[in-house]
Novice: 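The structure is given below, and queries will be raised subsequently.
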Protein chains: 2
Amino acid sequence: MELHQLEYFVAITETGSFSRAAQRCNVAQPSLSQQIIKLEHEIGQPLFDRLGRKVVLTEVGKRLLPRANVILGELQEIKGELQTEIQAGYGNLRVGFIPTIAPFVLPLVIRRFSQEFPNATLEVHEGLTEELVQKIIDADLDVGITSLPINNKKIHTEELLVEPLLVASTQKFEIASRAVIQVKELDDFPFIALSEVHCLGEQVQSFCYQQDLELNIVCHTSQLVTVHNCIALGLGVSLVPQALAISDTSGDIIYRTVSDIAPKRKIAAATHARRNQSFLACQFIEIVRSEYPSN
Amino acid sequence: MELHQLEYFVAITETGSFSRAAQRCNVAQPSLSQQIIKLEHEIGQPLFDRLGRKVVLTEVGKRLLPRANVILGELQEIKGELQTEIQAGYGNLRVGFIPTIAPFVLPLVIRRFSQEFPNATLEVHEGLTEELVQKIIDADLDVGITSLPINNKKIHTEELLVEPLLVASTQKFEIASRAVIQVKELDDFPFIALSEVHCLGEQVQSFCYQQDLELNIVCHTSQLVTVHNCIALGLGVSLVPQALAISDTSGDIIYRTVSDIAPKRKIAAATHARRNQSFLACQFIEIVRSEYPSN
DNA sequence: CCTTTGTATAGTTTATAACTATAGACTATA
DNA sequence: TATAGTCTATAGTTATAAACTATACAAAGG
């Protein structure tokens, strides 16, 4: 049984004749006759009584007709719906953020995305870069918001923005009041370090290594919020993402840029290199780009 | 879009691979790939992300899958249902009886048919032979129960039985008490004639003509029940169908067979010569044959 | 690095659905 | 009752599309 056979069948019932049905279907009449015969053979019973002047449905034909209409109607719907649903933002999107981005960006993005795509469902994960990468490769995640670099051929990255890392300190340390801060000055103060399991921690570490800084690390912590709280208590200074600075409205901590060689991290959307990006995924990435806190 | 494309599509989702799906569908893998590509072109978007080790549905694919399953499932059902519904006696049957048969046969037949085919709907018409014939030709009626002959090439007739016509009389006329009744004796008594619009009236008339009888007709009536009532009142005698005699339980009227040359009528099922007889129609005809009142 | 697994592509063959032409059956009108 | 007109079915052919084989190319795993 094939769909064009059902189309022919319905056309005959609607036109009341093989010939007229053939015209409507843009085929020759014999083609149509043969397809109906095939259909009748497959069903095992005739569908029409050919009476010359008119054709009449048999009992089997009568019972097939509404069903054929349903099938064809559904198929017609499906084609349209698939397009419109996608454009109307139906669908599911699975996204992930790394822990040093999530707190400042995730809430803003979710809010905006839910407003713009109320028909979509959004699954949000938080995990370290390598965890997100593995999920993306396994197709368990559609988009990961993380920082560069990602050295994996299976991952496609789209850079969204460059985020400066700011010196964070309380007034207790004089670095907070200097007009200009140079890289070399950072090792003059106790430093609150983020664990290298985070790419941010790793990036700060390698930045300092490149600049020949030997930091005076007084604390290693595995959460950025702990770093923040330590700074606020005056235990030391650190390099933190600008997004954290922007979202910090307490006023206890002073954030300053490094003048000469600014530490920074590149924020990117990571997707599977070989999967097609869905409409929602593209839209989501643009929302992250525009909602990401920056001055 | 064609059904085998949807079958391939579903097979891929279930096996997780083009190759395995091809095996299941008993086609070569390239054939299947090409059909999926065609389907994707028609929909305008890819359905799968081919990741090498595994294939993953795209958002469009995810939304197509349940619909494809519905379509294929429905189609599978339809094939089965068409067969079983017919065999389970679903359907509609439009039947007709002529007025000189209907009163004695129709009730019995309807009762039996309804019992045997509770899933069927039965439309019953009553009309003169020519009316039934016309409806059958127009495919407005499936089966007509009437008497032969029917001279119409478009009508197929199946003889069911030969019904004797009996002499009906009250004791008032001595014909009722004779041991043997001969044709020639009929014109000795007043005769209640049925109108020739009925084939029965016509048949009696032509029977008498052939036997060189000149009936002493005292009454022409257009309903068989009127004939019956006239006889019961002793107004005359008549030739009536055996079915009437059997159903007459009053005992007022004596029914006798004609010994030498028995008048009779052939009861037949008339159907369209070129239409296929439905299962229900065949069953109905057999029920008429077996339920028709006879000694 | 090589083998294995998997999909896509190219080229060919087969199968099927299209076509043309015409037969055969019926309707309607002269 | 002829006869033209209107159907569907059949026969034979062509064209299309779906199948196949062989192979290229990419990725994963030992």
Side-chain angles (χ1 to χ4, degrees), chain A residues 1-9 11-13 15-42 46-58 61 133-134 136-139 152-156 272-276, chain B residues 1-9 11-42 46-58 61 134 136-139 152-156 272-276:
Chain A
M1 199 184 291
E2 284 294 338
L3 289 177
H4 62 266
Q5 294 171 343
L6 294 182
E7 283 165 12
Y8 294 171
F9 170 73
I12 292 170
T13 65
T15 61
S17 122
F18 280 53
S19 315
R20 283 189 293 276
Q23 287 185 324
R24 175 193 288 196
C25 297
N26 296 311
V27 294
Q29 166 266 318
S31 311
L32 195 135
S33 285
Q34 286 177 345
Q35 291 305 309
I36 294 300
I37 289 171
K38 279 188 73 173
L39 188 56
E40 289 176 327
H41 282 331
E42 181 170 350
L47 297 169
F48 292 104
D49 291 315
R50 286 81 161 170
L51 307 183
R53 180 74 14 187
K54 61 178 170 179
V55 289
V56 180
L57 282 171
T58 61
V133 163
Q134 192 54 50
I136 291 171
I137 290 173
D138 293 344
N152 194 319
K153 282 192 298 181
K154 297 173 193 167
I155 297 291
H156 170 262
H272 197 294
R274 303 175 63 201
R275 288 184 64 194
N276 299 283
Chain B
M1 197 184 291
E2 285 294 339
L3 289 177
H4 62 265
Q5 294 172 343
L6 294 183
E7 283 165 12
Y8 294 171
F9 170 73
I12 292 170
T13 65
E14 289 178 354
T15 61
S17 122
F18 280 53
S19 314
R20 283 189 292 275
Q23 285 186 325
R24 174 192 289 193
C25 297
N26 296 312
V27 294
Q29 166 265 317
S31 311
L32 195 136
S33 284
Q34 286 177 347
Q35 291 305 309
I36 294 299
I37 289 171
K38 280 188 74 173
L39 187 57
E40 289 176 327
H41 283 332
E42 181 170 351
L47 297 170
F48 292 104
D49 290 317
R50 286 82 159 168
L51 306 183
R53 181 77 10 186
K54 60 179 172 180
V55 291
V56 180
L57 283 170
T58 62
Q134 191 55 50
I136 291 171
I137 291 173
D138 293 344
N152 193 319
K153 282 193 299 182
K154 296 172 193 167
I155 296 290
H156 170 262
H272 197 294
R274 301 175 63 204
R275 286 184 66 194
N276 299 283

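Quick note on labels: first sequence line is chain A, next is B, and so on, each numbered from 1.
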Novice: Give a yes/no on whether any side-chain N or O of B/Arg50 is located under 4.0 angstrom from OP1 or OP2 of C/dA8.
Specialist: yes
Novice: Out of D/dC7, C/dT9, C/dA21, which nucleotide sits closest to the side chain of A/Arg20?
Specialist: D/dC7
Novice: Is there a side-chain contact between A/Lys38 and the phosphate of C/dT16, meaning an N or O under 4.0 Å from OP1 or OP2?
Specialist: no
Novice: Just how far, in rounded Å, is C1' of C/dA25 from CG of A/Asp49?
Specialist: 16 Å
Novice: Is there a side-chain polar atom (N or O) of B/Ser19 under 4.0 Å from OP1 or OP2 of C/dT5?
Specialist: no
Novice: Phosphate oxygens OP1/OP2 of C/dA8: is one of them under 4.0 Å from a side-chain N or O of B/Ser33?
Specialist: yes
Novice: Does the side chain of A/Tyr8 get closer than 4.0 angstrom to OP1 or OP2 of D/dT8 through an N or O atom?
Specialist: no
Novice: Distance check: side-chain N/O of B/Ser17 vs OP1/OP2 of C/dT7, anything under 4.0 Å?
Specialist: yes
Novice: I'd like to know whether B/Tyr8 forms a side chain to side chain contact (heavy atoms under 4.5 Å, CB included) with B/Leu39, so could you lay out the CA-CA distance, the side-chain angles of the two residues, the decisive distance to 0.1 Å, and finally the verdict.
Specialist: CA-CA 10 Å; B/Tyr8 294 171; B/Leu39 187 57; over 6 Å; no
Novice: Quick one: label A/Gln35 by what it contacts on the DNA or RNA (base, sugar-phosphate, nothing), any heavy atom closer than 4.0 Å.
Specialist: sugar-phosphate
Novice: Is A/Gln34 near enough to C/dA18 that one of its side-chain N or O atoms lies under 4.0 angstrom from OP1 or OP2?
Specialist: no
Novice: Quick one: B/Gln134 CD to C/dT27 P, roughly how many Å, whole number?
Specialist: 11 Å
Novice: Can we call the ring centroids of B/Phe9 and B/Phe48 under 6.0 Å apart?
Specialist: yes
Novice: With respect to B/Gln35, which candidate in B/Glu7, B/Glu40, B/Glu2, B/Gln5 satisfies the side-chain hydrogen bond (donor to acceptor under 3.5 Å, both in side chains) definition?
Specialist: B/Gln5
Novice: Mapping A/Ala28 and B/Gly16 to their closest nucleotides on DNA chain C, which lands nearer the 5' end?
Specialist: B/Gly16
Novice: How long is the line joining CZ of A/Arg274 and P of C/dA8, in whole Å?
Specialist: 10 Å
Novice: Below the 4.0 Å mark, does D/dC20 have OP1 or OP2 next to a side-chain nitrogen or oxygen of B/Ser31?
Specialist: yes
Novice: Rounded to the nearest 0.5 Å, what separation is found between the CG atom of B/Asn276 and the CG atom of A/Leu47?
Specialist: 10.0 Å
Novice: Let me know the distance between CD1 of A/Ile37 and P of C/dA18, rounded to the nearest Å.
Specialist: 13 Å
Novice: Given atom NZ of A/Lys154 and atom P of D/dA27, what is their separation to the nearest angstrom?
Specialist: 9 Å
Novice: In whole Å, I'd like the distance from the CD atom of A/Glu2 to the P atom of D/dA17.
Specialist: 14 Å
Novice: Between P on D/dT10 and CD1 on A/Ile36, what's the gap in Å once rounded to a whole number?
Specialist: 14 Å
Novice: Can any side-chain N or O of B/Asn152 pair as donor or acceptor with the backbone N or O of B/Lys154 at less than 3.5 Å?
Specialist: yes
Novice: Which whole-number value in Å describes the distance from A/Glu40 CD to D/dT10 P?
Specialist: 11 Å
Novice: Quick one: is A/Lys54 getting a side-chain N or O under 4.0 Å of the C/dC26 phosphate, OP1 or OP2?
Specialist: no
